[in-house]
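For reference, the structure is listed below as structure tokens.
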Amino acid sequence: MGVSQKNLITLLYAGSAGVGRRFRKLAAAGSRRWPCRAAFAINAGLMMRWSRSFLPTLREAPSDAESASHKLMVRAGLVRQLSAGVYSWLPLGVRVLDRIRAIVREEMNRAGAIEVYLPVLHPAELWKETGRLDAYGDALCKFTDRKGHLNVLGPTHEEVITDLVRNANFSYRDLPVNLYQIQTKIRDEPRPRFGVIRTREFIMKDAYSFDADPAGLDRSYEAMYAAYVRIFTRCGLRFRPVEADTGLIGGDVSHEFMAMADAGEDLVVHCAACGYAANREKAESRAPEGEPDAADLTPILPPMKQVTTPGQRTVEQVAAFLGVTPSGIVKTILFRTEQGFLAALVRGDHDVNPLKLQRAARVSALDMATADEIQKETGGPIGFSGPVNLKMRILADSALKSMKNFVTGGNRPDLHLINVNLHRDFESEAFADLRYVQEGEACPRCAAPLAFATGIEVGHVFKLGTKYSTAMRCEFLDGTGTRRPMIMGCYGIGITRIAAAAIENHHDDAGIAWPKELAPFQIEVLSLKGKDDRIPPLAESAVQALEQAGFDVLWDDRDESPGAKFADSDLIGIPLRVVVGKRTVEGGTVDVKSRRKPEQRSVPVKEFVNAVQEEWNAYRP
RNA sequence: CGGGGCGUAGCUCAGUCUGGCCAGAGCGCUUGGUUUGGGACCAAGAGGCCGCGGGUUCAAAUCCCGCCGCCCCGACCA
């Protein structure tokens, strides 16, 4: 008790001096021990006064917010919505974006990628070259300029980067090259949702690699994959790389990086036993073993029979009507392709996966047939299609191999067939995996049951091959003097999405608890002034001591009640909190608290910078 | 694109079904005072094209028509 204010201020500074000097010395010596902190040691950390910034916190979440991250981002004053899927970023949010961008830059540069900055405004001609002006669909924002030229607001940048590289006139000696940018993308999403997770305007890091041969692409891809693991680890995300489908383009490798969270839009199929993970489009399951081929049993099978099923269109209706289970029914789904119509056969309780079907059928476009088309092609109405006497390509899911005496549509109104059997009653052109897996099925690698989980796609790496380089003649001269298309890869990261995913992964009822590397500030100093005018100068000296130690500090210097400050502090989720108040004046101590721990430490002022440093080192992730 | 819901103060919402005092509350904001270690208290205030346009009516936040905006669910499995 009764330490004079001057002494306290002196002590607060003294506590920092050692740390500050140590950082300076290390920086001067070019030490690699604290590469990230070196700059801060020379130029002290940054300080912001709450009262002079723009940090509008809200006690209540806006009514249109649904997910935890959406509510908290608005309440903590990180973002404000302007219109559907369009957000303004406020100072605290901007600082989070800065941290994410810094991590991404560091890791991309470390992986050998080179930063560029490409336009958002693209001439439509470029998009015509690859056919994507039409193929991209309604999500592409277009407008006509004053000269009457059609322009595109870039939703992605394959065309622009490919144009840039083809005009650079690279030879094989210049390859590989990997160019990246951090840029705002515009996509007219049909349904923006979950706050900043799916928006019409968002920040993305996109990288494009150009290689001379497939082995080079493999190396580029692996370098990006490794960089992504580092990036999402540093961002503190609970993530998992999952196998993803690439469609028919090249038939190559693709992985999505999913932050596992309830607010996720994507379904991840994974195996706890062996680590297999894939998205819903790509996921497979192990076929049951030892099933007899239906053909072997043909002689003892009962004859196929027609049954009247008035108005029974869906699998559920037919199953109930005939007293069978959906797994005893075969669904016949018609698709329109560029080569005409084809029928996909799957078990009644299974669902056709158009991507797998497209691949198996080797067609480039696939659309479900309309009711009119079904009537015309099968002779029967929708709901009564079947493979018997059907005159078109028929592909069957592998699960049909072990089925016998099943039910199908009869291609006539109110008619189904029972005791239908493969080979005897109809033929399938091929058997293949044509369906989505279901939860609990056997893992394709180890046969353990597969589990489902939702995730937020925060990154995607993709072996493009030569789709764009061929279409746009992005070529290089190889060692023999031959012109060859470059082999491309593309690699995206949703910058704005990471902020939301990090909050989904790190929050509690009171608010956000930022991962160490994403926090907008490292320390928040609360001054609980009351009527004591000696406290603000003490708080300021504490802030300065922390700055000198290299920390970025937010100082809540507002004239608010303690309760309001504590509540806001928990809400915005700065990792470490330092309280300067009555106890500092009376007892010569400040309170240091980690956002991740329930209790706080009371430490003498002369030791407080070291205590903060200790807590900072212990803060995970 | 289909279905559902909502639109009243900066935020959360009541009032609308059953038309009728000056359109309300809490939070936030301003001023004064009292408070000050977990969203303080008292008092006085400011703040509304009741989403927009049209109609019905003596009278519309409220009823009718049209439009716009926002949110949620779904997007064809025969």
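Chain A is the first sequence line, chain B the second, and so forth, proteins listed ahead of strands; every chain is numbered from 1.
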(Q) Show me the pairs that pass salt bridge (Lys or Arg N to Asp or Glu O under 4.0 Å) and involve residues 373-386 of chain A, at least two apart or across chains. (A) A:Arg336-A:Glu373
Q) When we call it a touch if two heavy atoms are under 4.0 Å apart, what does A:Ser83 touch: a base, just sugar-phosphate, or nothing? A) sugar-phosphate
Q.
Using a 4.0 Å heavy-atom cut-off to protein, can you give one letter per nucleotide of nucleotides 4-14 of chain B, 5' to 3': B if the base is in contact, S if only the sugar-phosphate is, - if neither?
A. -------SSS-
Q.
Tell me the interatomic distance from A:Ile382, atom CD1, to B:C77, atom C1', rounded to whole angstroms.
A. 9 Å
Q: Check the distance between B:C76's C1' and A:Phe335's CZ and give it to me in whole angstrom.
A: 10 Å
Q: In whole angstrom, give me the gap between the P atoms of B:A25 and B:A43.
A: 14 Å
**Q.** Partner nucleotide of B:G45 by Watson-Crick or wobble geometry (both distances under 3.5 Å)
**A.** B:C29
**Q.** Euclidean distance, atom CD of residue A:Gln600 to atom C1' of B:G38 [Å, nearest integer]
**A.** 10 Å
Q: Please state the C1' separation for the pair B:U8 and B:C49 - nearest whole angstrom.
A: 12 Å
Distance-only check: which donor-acceptor pairs under 3.5 Å involve side-chain atoms of residues 380-393 of chain A, not counting sequence neighbours?
| residue | atom | partner | partner atom | Å |
| --- | --- | --- | --- | --- |
| A:Arg393 | NE | A:Glu429 | OE1 | 3.0 |
| A:Arg393 | NH1 | A:Gln339 | OE1 | 3.2 |
| A:Arg393 | NH1 | A:Ala361 | O | 3.2 |
| A:Arg393 | NH2 | A:Ala361 | O | 3.2 |
| A:Arg393 | NH2 | A:Glu429 | OE2 | 2.7 |

Q) Would you say A:Trp555 and A:Glu540 make side-chain contact, with heavy atoms under 4.5 Å? A) yes
Q: Look only at the side chain of A:Asp397 and the backbone of A:Leu434, and say whether a donor-acceptor pair between them is shorter than 3.5 Å.
A: yes
Q. Considering only B:G37, B:C71, B:G38, which nucleotide approaches the side chain of A:Asp570 most closely?
A. B:G38
Q. Over how many whole Å does the gap from A:Asp188 atom CG to B:C1 atom C1' extend?
A. 13 Å
Q.
For B:C70, give the paired nucleotide (Watson-Crick: N1-N3 plus N6-O4 or O6-N4; G-U: N1-O2 and O6-N3; both under 3.5 Å), or none.
A. B:G5
**Q.** Any donor-acceptor N/O pair under 3.5 Å between B:G2 base and A:Arg191 side chain
**A.** no
Q.
Could you tell me the Watson-Crick or G-U partner of B:C77, where both distances fall under 3.5 Å? Say none if there is no partner.
A. none
Q) Watson-Crick or G-U wobble partner for B:U62, using a 3.5 Å limit on both distances? A) none
Q) What integer distance in Å separates A:Glu560:CD from B:G37:C1'? A) 15 Å
Q | Carboxylate-amine/guanidinium proximity below 4.0 Å for A:Arg595 and A:Asp508 | A | yes
Q: Using whole Å, report how far CG of A:Leu334 lies from C1' of B:C76.
A: 14 Å
**Q.** Between B:G20 and B:A60 - P atom distance, rounded Å
**A.** 11 Å
Q: With the side chain of A:Pro562 defined as its heavy atoms from C-beta on, choose the nearest nucleotide among B:C77, B:C71, B:G38.
A: B:G38
**Q.** A:Phe202 six-ring face occupied by A:Arg497 cation (under 6.0 Å, within 45°)
**A.** no
Q | Phosphate-side-chain proximity, A:Lys331 and B:C77, N/O vs OP1/OP2 below 4.0 Å | A | no
Q: Have a look at A:Arg75 and say if it touches a base, only the backbone sugar-phosphate, or nothing, with a 4.0 Å heavy-atom cut-off.
A: base
Q) Looking across every strand, which nucleic acid part, if any, lies under 4.0 Å from A:Val346 by heavy atom: base, sugar-phosphate, or nothing? A) nothing
**Q.** Rounded distance in Å - CG (A:Leu528) to C1' (B:U35)
**A.** 14 Å
Q. Using the C1' atom in both, what is the distance from B:U62 to B:U57, to the nearest Å?
A. 13 Å
**Q.** Whole-angstrom distance between B:C70 and B:U12, as gauged at atom P
**A.** 16 Å
Q. At under 4.0 Å between heavy atoms, what does A:Gly530 touch on the DNA or RNA strands: base, sugar-phosphate, or nothing?
A. base
Q) Is A:Arg198 paired with A:Glu265 through a side-chain N to carboxylate O contact shorter than 4.0 Å? A) yes
Q: Have a look at A:Asp532 and say if it touches a base, only the backbone sugar-phosphate, or nothing, with a 4.0 Å heavy-atom cut-off.
A: nothing
Q: Could you pick out which residue, A:Gly409 or A:Gly85, lies toward the 5' side of RNA chain B when each is mapped onto its nearest nucleotide?
A: A:Gly85
Q) What does B:U18 pair with, Watson-Crick or G-U, if both distances are under 3.5 Å? A) none
Q. Within the pair A:Lys531 and B:U35, is there a side-chain N or O less than 4.0 Å away from OP1 or OP2?
A. yes
**Q.** Pairwise C1' distance, B:A14 and B:A23 [rounded to whole Å]
**A.** 11 Å
Q: Could you work out the separation of B:G2 and B:C13 based on their P atoms and round it to a whole Å?
A: 28 Å
(Q) Using a 4.0 Å heavy-atom cut-off, does A:Gly581 contact any base of the nucleic acid, only the sugar-phosphate backbone, or nothing at all? (A) base
Q | A:Phe384 CZ - B:C77 P separation (whole Å) | A | 14 Å
Q) Distance between the C1' atoms of B:G4 and B:C22, in whole angstroms? A) 37 Å
Q. What's the closest nucleotide to the A:Gln81 side chain, out of B:C76, B:C71, B:G37?
A. B:C71
**Q.** Residues A:Arg435 and A:Asp351 bridged, charged N to O under 4.0 Å
**A.** no
Q: Look at all strands and tell whether A:Arg347 reaches a base, only sugar-phosphate, or nothing, counting heavy atoms closer than 4.0 Å.
A: nothing
Q: Walk me through it: do A:Asp557 and A:Ser51 pass the test side-chain hydrogen bond (donor to acceptor under 3.5 Å, both in side chains)?
A: CA-CA 6 Å; A:Asp557 60 335; A:Ser51 67; 2.6 Å; yes
**Q.** A:Glu615-A:Ser594 side chain donor-acceptor pair, cut-off 3.5 Å
**A.** no
Q) If you pin A:His416 and A:Pro192 to their nearest nucleotides in RNA chain B, which one's is more 5'? A) A:Pro192
Q) Which nucleotide in the set B:G39, B:G37, B:C70 lies at the smallest distance from any side-chain heavy atom of A:Thr584? A) B:G37
Q.
Among A:Leu267, A:Val268, A:Thr454, exactly one meets side-chain contact (heavy atoms from CB on, under 4.5 Å) together with A:Met258. Which residue is that?
A. A:Val268
Q.
Please tell me if A:Arg59 has a side-chain N or O lying less than 4.0 Å from either OP1 or OP2 of B:G28.
A. yes
Q: Just name whichever nucleotide pairs with B:A40, Watson-Crick or G-U, keeping both distances under 3.5 Å, else none.
A: B:U34
**Q.** Candidates B:G39, B:C73, B:U35 - which lies nearest the side chain of A:Arg193
**A.** B:C73
